[in-house]
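Sequence positions, counted from 1, serve as the residue numbers for this chain.
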Amino acid sequence: MLVFNENQQPFPPAQEGESGFSRMNFMINLGIQAIMKRNPGADAFLNTSRWIQEMRKGGCAWDESGEEVVWTPCGPWTEELQGDRVSRREFIAAQLIQEDFAGIGGTLRPVLVASGNSEEKVDRWIQEQETEVKEMKVKTYIKWICNWAVKKRSPTSEKQQPELPPSAIDTTYLS
């Protein structure tokens, strides 16, 4: 997950008060830096696609593998999410992302304070970041990079799958 501006581009390096500045982007980058100091391998997820390809070249038999990039607006601010022909699913996803990211500053608070920032400063940043997200002051997209791989099954593995008795299958949700 990465944060981008309304044009799906990285935020420009900007200081507080300058054009293009985003408190949310600032908080996430500061949080990532603090986390990386404590755990240099925390960004390993960025290598997933490369690892899958290396495993394939090394002889791992995948039935299928792939990568898909999904862009989600942080809040229902895009033109596609306005008006009468709105996809309810996309609208709800944008609202949920907005709600989730409004609280991300509080989640990062412990690591930001532990990395040497004063509690007062961090609390001010959190309040500004929450307001920015809730009021959609800065239009942002969240970029999700989804990777998957399905390992091939041997011909015998399908026969070894245990069968569940009908009484073990809960079908109450179907009625």
If hydrophobic clusters are built by linking Ile, Leu, Val, Met, Phe, Trp and Tyr wherever their side-chain heavy atoms come under 4.5 Å apart, do [X] and [Y] end up in the same one?
| X | Y | result |
| --- | --- | --- |
| Val69 | Tyr141 | yes |
| Ile142 | Leu96 | no |
| Val133 | Trp144 | yes |
| Ile145 | Met55 | no |

Smallest separation among heavy atoms of [X] and [Y], with atom names:
| X | Y | result |
| --- | --- | --- |
| Pro76 | Gln98 | CD-OE1, 3.5 Å |
| Leu108 | Gly31 | CD2-CA, 4.2 Å |
| Val70 | Cys146 | CG2-SG, 4.3 Å |
| Ser19 | Ala14 | O-CB, 3.6 Å |
| Ile35 | Ala42 | CG2-CB, 3.6 Å |

Short side-chain to backbone donor-acceptor contact, [X] and [Y], under 3.5 Å:
| X | Y | result |
| --- | --- | --- |
| Glu130 | Gly103 | no |
| Gln129 | Phe101 | yes |
| Asn117 | Leu112 | yes |
| Trp77 | Thr140 | yes |

dist Ile126:CD1 -> Glu119:CD (nearest 0.5 Å) comes out at 10.0 Å
Please check if atom [atom1] in [X] has more than 12 non-hydrogen atoms from other residues, nucleotides or ligands closer than 6.0 Å.
| X | atom1 | value |
| --- | --- | --- |
| Glu18 | CD | yes |
| Glu67 | CD | yes |
| Arg89 | CZ | no |
| Glu99 | CD | no |

Does any non-hydrogen side-chain atom of [Y] lie less than 4.5 Å from one of [X]?
| X | Y | answer |
| --- | --- | --- |
| Ile104 | Met27 | no |
| Ser65 | Arg56 | yes |
| Thr78 | Trp71 | no |
| Trp51 | Glu54 | yes |
| Met24 | Cys74 | yes |
| Cys60 | Lys151 | yes |
| Phe11 | Asn29 | no |
| Trp62 | Lys152 | no |

Would you call [X] and [Y] a salt bridge, taking side-chain N to carboxylate O under 4.0 Å as the test?
| X | Y | result |
| --- | --- | --- |
| Glu16 | Lys121 | no |
| Glu120 | Arg124 | no |
| Glu132 | Arg23 | no |

Kindly assign one of parallel, tilted or perpendicular to the pair Phe26 and Phe21, based on the angle between their ring planes and the thresholds 30° and 60°.
tilted
Without placing hydrogens or testing angles, list every side-chain donor-acceptor pair under 3.5 Å for residues 3-10, not counting sequence neighbours.
from	atom 1	to	atom 2	distance (Å)
Asn5	OD1	Asn7	N	2.9
Asn5	OD1	Gln8	N	3.3
Asn5	OD1	Gln9	N	3.0

